[in-house]
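Heads up: the structure comes next, in structure tokens.
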Amino acid sequence: MLHLAQKVAGVTVSGTDGDIGTLEDFYFEESGWNVRYLVVDTGSWFNGKRVFVPPSAVKGGWGRTGVHVNLSRNDVRRIPAVEEAEPDVDNGHLDSVKKTSGYHIHARNGEIGHVDDFLIGEDNWQIRYLLVDTSNWIGGRSVIVSSDTVERVDKADNRLYVAAEREAIASAPTLDSIDAALSRNETGPPFTLI
């Protein structure tokens, strides 16, 4: 199953002894597009600190109904705050879903739109697809672009470069077509953009 990252943001994160906070963001590796950390805002019980929680701590399914982790509140107290850990995380190879949303997408022959959201696999924590808004180019259409097509991320200019032509993006499947195309056993659409 795939989840839109922005739709899951804000859900409650529950631990073994109560709620830990709310899911704020996902940090992912540029190579492989794997989610490395969930950013959890602990709210008032832990002075509003934001902490990095690895996906390995998540137990069972997760999504718009919430995220359950196998951590207690005491475990979370021992995790360094995001502000303390960010120098270790910000090594140039990790990106935030929140910060990367809105990046402009460039095909081989020009700009095609911007990133609206990311589709994350529930079981493998891999960003499989980017939801791209092409409204400035082909009139209000959102299309799905495989993360495998991303050649590079330019953080300085807020751009993603994909190995595709604009015409291929224009004919990419819309988000609406994914639900009908998925079988219960699939982790992503049976089509990819080359």
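These values consider heavy atoms only, across backbone and side chains, with no hydrogens, waters or symmetry-generated copies.
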For the side chain of [X] and the backbone of [Y], is there at least one donor-acceptor N/O pair under 3.5 Å apart?
X: Asp25; Y: Val39; value: no
X: Asp117; Y: Leu131; value: no
X: Trp62; Y: Glu122; value: yes
X: Thr42; Y: Lys49; value: yes
X: Trp125; Y: Ile120; value: no
X: Asp157; Y: Arg159; value: no
X: Asp133; Y: His114; value: no

Which heavy atom of [X] sits nearest to which heavy atom of [Y], and what is that distance?
X: Ala107; Y: Glu165; result: CB-C, 4.0 Å
X: Ala5; Y: Val97; result: CB-CG1, 3.7 Å
X: Ile20; Y: Val76; result: CD1-CG2, 3.6 Å
X: Asp17; Y: Arg73; result: OD1-N, 3.0 Å
X: Thr100; Y: Val115; result: O-CB, 4.0 Å
X: Asp116; Y: Ser142; result: OD2-OG, 4.4 Å

Inset, instruction - Could you list the residues that satisfy ring-ring contact (aromatic ring centres under 6.0 Å, His included) with His68, not counting sequence neighbours? - result: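 Applying ring-ring contact (aromatic ring centres under 6.0 Å, His included) to His68 gives none.
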
Inset, instruction - State which residues pass ring-ring contact (aromatic ring centres under 6.0 Å, His included) with Phe118; sequence neighbours excluded, sorted by chain then number. - result: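 In terms of ring-ring contact (aromatic ring centres under 6.0 Å, His included), with neighbours along the sequence ignored, Phe118 is linked to Phe28.
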
Inset, instruction - Tell me whether the guanidinium CZ or amine NZ of Arg36 lies under 6.0 angstrom from the six-membered ring centre of Tyr27 and within 45° of its axis. - result: no

Inset, instruction - State which residues pass salt bridge (Lys or Arg N to Asp or Glu O under 4.0 Å) with Arg64; sequence neighbours excluded, sorted by chain then number. - result: none

Legend entry - Short N-O contact, Asp95 and Lys155, less than 4.0 angstrom: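 Yes, Asp95 and Lys155 are salt-bridged.
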
Inset, instruction - Would you indicate whether the side-chain heavy atoms of Val145 and Ile105 approach each other to under 4.5 Å? - result: no

Inset, instruction - Could you check if a side-chain atom of Val35 sits within less than 4.5 angstrom of a side-chain atom of Ile127, using non-hydrogen atoms only? - result: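 Touching, per the 4.5 Å side-chain cut-off.
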
Legend entry - Side-chain donor-acceptor pair present, Ser14, Asp19, cut-off under 3.5 Å: yes

